[in-house]
Amino acid sequence: MSANRRSGRPLPRAFYDRDTLAVARDLLGTLLVCRSAEGVAAGVIVETEAYIGETDPACHAASGLTRRNAPLYGDPGLAYVYFTYGMHCLLNAVAERRGFPAAVLVRALEPVEGEALMRRRRGRPSLPAHELCRGPGNLARALGITLADNGTDLTRAPARGPGLWIEDRGIEITDVAWSPRIGIRVGLDRAWRCFATGSRSVSGRRTG
DNA sequence: CGTTCGATGCACT
DNA sequence: GTGCATCGAACGT
């Protein structure tokens, strides 16, 4: 990955209003930022997964609209956060046009800001930086993302106060691979996981 | 290195 | 009552 260029520029809604696989690919290298009363925690996205439509058996919309998956049917650029396994919150960015249920799961970050805060939240003081946000449950915990963030507009960066958004920092990730998605029992025929091959923060296997 | 397994709570059927 | 888009500890090789 290359050096920084810009800062403070949230990705516009048009970025998310596209084919979900393109969104999953292009989110690599962008910066996920979470600001709370405790401070700012942020990292470069290095691993994503696409969940696309009611015909994707692994997508939460596979059985149609429910109260839980309603955000998937909403505007692109919104956050879809859900609770699973009794203890983890997972963050998605809603993609494609309103009414078509699709999203990109953010699975791993390389920490850029707030490592001390991340360590405190993870409760593991000696964790190396590249493990702080490895895995979707871990990164949500490290950034302080909860169900309260469900439905947040990721295209808006408040000037102050709490906020959750994704920025373009001009980082280019060129070495990318695709693999089947992790942790699901259906839809394994689709290679819809996208990750930076060179990053130690990527969960699971680092080869496609 | 690898695999297995328990924790834990909620939406959905 | 069932099944998780997970994690980390425990154990086997």
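To find a chain, count down the sequence lines: A is the first, B the second, and so on, and within it residues start at 1.
Residue A/Asn69 contributes atom CG, which lies 19 Å from atom P of C/dG3 at whole-angstrom precision. In this structure, the CZ atom of A/Arg68 is 10 Å from the P atom of C/dC4, given to the nearest Å. Separating the CG atom of A/Leu105 from the C1' atom of C/dT6 is a distance of 11 Å, rounded to the nearest angstrom. Taking atom CG of A/Leu132 as the reference point, atom P of C/dC7 lies 13 Å away to the nearest angstrom. When rounded to the nearest whole Å, the span between NE2 of A/His60 and P of C/dA5 equals 4 Å. Between the P atom of C/dG3 and the CD1 atom of A/Ile184 lies a distance of 17 Å, rounded to the nearest Å.
Residue contacts shown for A/Arg181 are absent, as no nucleic acid heavy atom lies under 4.0 Å away. Among the protein residues, A/Gly86 comes within range of the nucleic acid bases, having at least one heavy atom under 4.0 Å from a base atom. Residue A/Thr84 is in base contact, counting any heavy-atom pair closer than 4.0 Å across all strands shown.
Here the CG atom belonging to A/Leu91 is positioned 6.5 Å from the CD1 atom belonging to A/Ile166, to the nearest 0.5 angstrom. Taken to the nearest 0.5 Å, the CZ atom of A/Arg107 stands 13.5 Å off from the CD1 atom of A/Ile45. Rounded to the nearest 0.5 angstrom, A/Tyr51 OH and A/Asn69 CG are separated by 14.5 Å. Rounded to the nearest 0.5 angstrom, A/Cys59 SG and A/Leu105 CG are separated by 11.0 Å. With rounding to the nearest 0.5 Å, the separation of CZ in A/Arg181 from CG in A/Asp189 is 8.0 Å. Atom CD1 of A/Ile52 and atom CH2 of A/Trp192 lie 4.0 Å apart (nearest 0.5 Å).
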Table please: side-chain donor-acceptor pairs of residues 96-103 of chain A below 3.5 Å, with sequence neighbours left out.
from	atom 1	to	atom 2	distance (Å)
A/Glu96	OE2	A/Thr20	N	3.0
A/Glu96	OE2	A/Thr20	OG1	2.6
A/Arg98	NH1	A/Asp75	OD1	3.2
A/Arg98	NH1	A/Asp75	OD2	3.4

Compile the donor-acceptor pairs under 3.5 Å between side chains in residues 21-37 of chain A and protein atoms, sequence neighbours left out, one pair per line.
from	atom 1	to	atom 2	distance (Å)
A/Arg25	NH2	A/Ile173	O	2.8
A/Asp26	OD2	A/Arg18	NH1	3.0
A/Asp26	OD2	A/Arg18	NH2	3.1
A/Thr30	OG1	A/Leu27	O	2.7
A/Arg35	NE	A/Gly161	O	2.6
A/Arg35	NH2	A/Pro158	O	2.6
A/Arg35	NH2	A/Gly161	O	3.1
A/Ser36	OG	A/Glu38	N	3.0
A/Ser36	OG	A/Arg121	NH2	3.1

Side-chain donor/acceptor pairs under 3.5 Å, residues 128-139 of chain A, sequence neighbours excluded:
from	atom 1	to	atom 2	distance (Å)
A/Arg134	NH1	A/Arg200	O	3.4
A/Asn138	OD1	A/Arg122	NH2	3.2
A/Asn138	ND2	A/Arg134	O	2.8

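Each of A/Thr66 and A/Phe83 has a nearest nucleotide on DNA chain B; the 5'-most of these lies closest to A/Phe83.
Protein chain A contacts DNA chain B from B/dG2 to B/dC12, reading 5' to 3' and using non-hydrogen atoms of the protein with a distance under 4.0 Å.
Remark: A/Ser63 engages no residue in a side-chain contact (heavy atoms from CB on, under 4.5 Å) (not counting sequence neighbours). For the salt bridge (Lys or Arg N to Asp or Glu O under 4.0 Å) test, residues two or more places apart in sequence or in another chain that qualify with A/Glu115 are A/Arg119. Evaluation of the salt bridge (Lys or Arg N to Asp or Glu O under 4.0 Å) rule for A/Arg141 yields no partner, not counting sequence neighbours. Here A/Thr146 pairs with nothing under the side chain to side chain donor-acceptor pair (under 3.5 Å) rule; sequence neighbours left out.
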Return the polar atom pairs (N/O with N/O) between nucleotides 8-13 of chain C and the protein under 3.5 Å, or none.
from	atom 1	to	atom 2	distance (Å)
C/dG8	OP1	A/Arg122	NH2	2.5

Which dot-bracket string describes DNA chain C (Watson-Crick N1-N3 plus N6-O4 or O6-N4, or G-U N1-O2 and O6-N3, all under 3.5 Å; [ ] crossing; | other strand)?
||||.|||||||.
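Using a 4.0 Å cut-off on heavy atoms, none of the residues of residues 49-57 of chain A approach DNA chain B.
Residue pairs satisfying the side chain to side chain donor-acceptor pair (under 3.5 Å) criterion with at least one member in residues 76-95 of chain A, sequence neighbours excluded, are listed as follows: A/His60-A/Tyr80.
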